[in-house]
Amino acid sequence: MKNMREHQQESEVESTPGFPVPATSAEVLLDGHRATRDRVARSILDHGPSSAADLASRLGLTAAAVRRHLDGLAATGLVESREQRVYGSRGRGRPAKVFALTESGRDAFYQAYDQLAADALRWIAEAVGGGKAGEEAVAAFARARFGRQGQKYLTVLEQASADQRTEALAEALSADGYAATVRRVPTATASKAPAGAQLCQHHCPVAHIAEQFPQLCEAETEVFSQLLGTHVQRLATIAHGDGVCTTYVPAPGAAPSPRPGSGAAPTAGTTTEPPATSARRNPA
């Protein structure tokens with residue numbers, strides 16, 4: 001009879017790359033199922049609340065297949081269904097159903113040391129005496145952090161034309177894991193000229209921390225104003241419980257704001273609200 005050591009050695013040899021252990025057909029099917037389900041969840045993360053038809057189109061799957069994966073994600077508490085929000089006049093018929101990630105679903109994509117970051121910010125606030133001084137200390141840290149990030153983005157934006165700076169910022173944010181997109185907001189006139197844009201961040205790596213320290217969102221909004229040269233208005237944040245962080249950017253021609261590093265910081269949230277959009281609203 002083989003002793004325990006010999007059995008362990010044989011197991012180690014068989015598990016090396018030279019001795020692959022063949023997977024059963026059931027395991028292969030299960031792995032493929034999980035991979036597709038992950039693609040569905042990732043698509044919702046990248047694009048915000050989505051209908052089954054939208055997901056099927058983006059992923060090249062049938063609507064029936066997508067619904068099966070959505071049912072599985074919903075059963076494990078990773079997604080939830082809701083009525084699609086409509087801005088402006090609503091047509092006839094029932095509102096479309098869309099699927100959004102739950103807090104647990106977002107957690108599956110997080111790789112942040114949330115507790116460590118929260119403890120560090122809390123220590124900063126307490127080190128200066130807490131209260132108003134503590135809030136200002138956290139705000140100063142947030143402005144410094146996003147200011148450095150803004151300097152990196154500035155190089156990208158300077159290469160873009162004035163009417164493409166928002167898209168350039170979205171690309172830079174996406175490279176840092178924010179899954180950002182831009183939605184143009186037309187005017188109500190017959191010309192259909194753009195009145196501005198909504199910068200949408202479908203993922204926020206620090207959302208849990210921003211729930212406790214809103215100074216992070218405020219500092220980020222200030223940097224967006226500086227980078228884009230105009231006052232912007234934050235309409236929604238994931239930290240506030242919305243599905244997407246949404247910032248309204250008016251069309252070029254508004255009064256410019258100072259660039260990062262110029263010293264003065266604009267006050268966020270002072271622009272005129274875009275047509276058919278209310279504050280704290282999700283564009284999805």
Side-chain angles (χ1 to χ4, degrees), residues 20-88 90-112 166-167 169-186 197-205 207-208 235-239 241-247 277 281-284:
V21 178
T24 65
S25 58
E27 289 173 334
V28 171
L29 288 173
L30 182 59
D31 286 344
H33 185 78
R34 287 172 177 166
T36 303
R37 183 171 294 183
D38 288 346
R39 288 176 60 210
V40 171
R42 180 72 202 194
S43 185
I44 296 175
L45 174 71
D46 289 342
H47 298 274
S50 307
S51 67
D54 290 336
L55 289 164
S57 176
R58 285 199 297 263
L59 300 174
L61 301 171
T62 65
V66 167
R67 290 191 184 93
R68 286 197 299 271
H69 290 296
L70 289 170
D71 288 342
L73 290 166
T76 54
L78 298 180
V79 304
E80 60 184 2
S81 63
R82 63 174 67 154
E83 287 186 358
Q84 185 175 27
R85 294 175 180 174
V86 178
Y87 301 106
R90 172 179 290 177
R92 296 181 179 179
R94 297 178 58 185
K97 180 192 293 186
V98 295
F99 296 84
L101 290 179
T102 63
E103 183 175 351
S104 297
R106 293 186 182 281
D107 285 345
F109 294 95
Y110 282 4
Q111 296 181 5
T166 306
E167 282 79 3
L169 178 56
E171 291 181 9
L173 287 166
S174 294
D176 277 348
Y178 289 87
T181 60
V182 174
R183 176 192 177 197
R184 288 291 168 180
V185 181
Q198 287 182 354
L199 175 63
C200 304
Q201 296 159 265
H202 302 283
H203 179 51
C204 176
H208 286 180
L235 304 178
T237 63
I238 293 172
D242 299 296
V244 180
C245 293
T246 308
T247 305
T277 308
R281 290 291 185 180
N282 183 333

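Any value given below was found using the heavy atoms of this structure, including those in side chains, with hydrogens, waters and symmetry copies removed.
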Worksheet item: Rounded to the nearest 0.5 Å, how far apart are CG of Leu78 and OG of Ser104?
Response: 6.5 Å
Worksheet item: Tell me, do His69 and Thr36 make a side-chain contact under 4.5 Å, heavy atoms counted?
Response: yes
Discussion item. To the nearest 0.5 Å, what is the distance between NZ on Lys97 and CD on Glu83?
Written reply: 9.5 Å
Fill in: Minimum heavy-atom distance Thr237-Cys245, with the two atoms named
CA-SG, 3.8 Å
Worksheet entry | Donor-acceptor contact present, side-chain Ser174 to main-chain Ala170, <3.5 Å | yes
Practice prompt. State the OH-CG distance between Tyr178 and Leu199, to the nearest 0.5 angstrom.
Written response: 11.5 Å
Item to complete: Mind listing the closest non-hydrogen atom pair of Leu70 and Ala52 along with its distance?
Response: CD1-CB, 4.1 Å
Worksheet entry | Non-hydrogen atoms of Gly77 and Thr102 that approach each other most closely | O-OG1, 2.5 Å
Practice prompt. For Arg39 and Leu59, indicate whether the former's side chain and the latter's backbone hold a donor-acceptor pair under 3.5 Å.
Written response: yes
Discussion item. Has Ser50 got a side-chain atom pairing as donor or acceptor with Leu55's backbone, closer than 3.5 angstrom?
Written reply: no
Practice prompt. Please step through salt bridge (charged side-chain N to carboxylate O under 4.0 Å, His left out) for the pair Asp38 and Arg42, ending with a clear verdict.
Written response: CA-CA 6 Å; Asp38 288 346; Arg42 180 72 202 194; over 6 Å; no
Item to complete: For the pair Arg184 and Glu167, evaluate side-chain contact (heavy atoms from CB on, under 4.5 Å) and give the outcome as yes or no after the intermediate values.
Response: CA-CA 10 Å; Arg184 288 291 168 180; Glu167 282 79 3; 2.8 Å; yes
Worksheet item: What are the two closest heavy atoms between Ile238 and Ala207, and how far apart are they?
Response: CG2-CB, 3.9 Å
Item to complete: Taking atom CZ of Arg58 as the centre, report whether more than 12 heavy atoms of other residues, nucleotides or ligands fall under 6.0 Å from it.
Response: yes
Practice prompt. Run through Leu101, Asp71, Val98 and flag the one making a side-chain contact (heavy atoms from CB on, under 4.5 Å) with Val79.
Written response: Leu101
Worksheet item: So Leu45 and His202, side-chain contact (heavy atoms from CB on, under 4.5 Å) or not? Walk me through it.
Response: CA-CA 6 Å; Leu45 174 71; His202 302 283; 5.6 Å; no
Fill in: Pairwise distance CZ(Arg106) to CD1(Ile44) - rounded to 0.5 angstrom
10.0 Å
Practice prompt. Nearest 0.5 Å please: distance from the CZ atom of Arg183 over to the OG1 atom of Thr246.
Written response: 9.0 Å
Worksheet, complete the sentence: Taken to the nearest 0.5 Å, the spacing of Thr166 OG1 from Gln198 CD works out to 11.5 Å
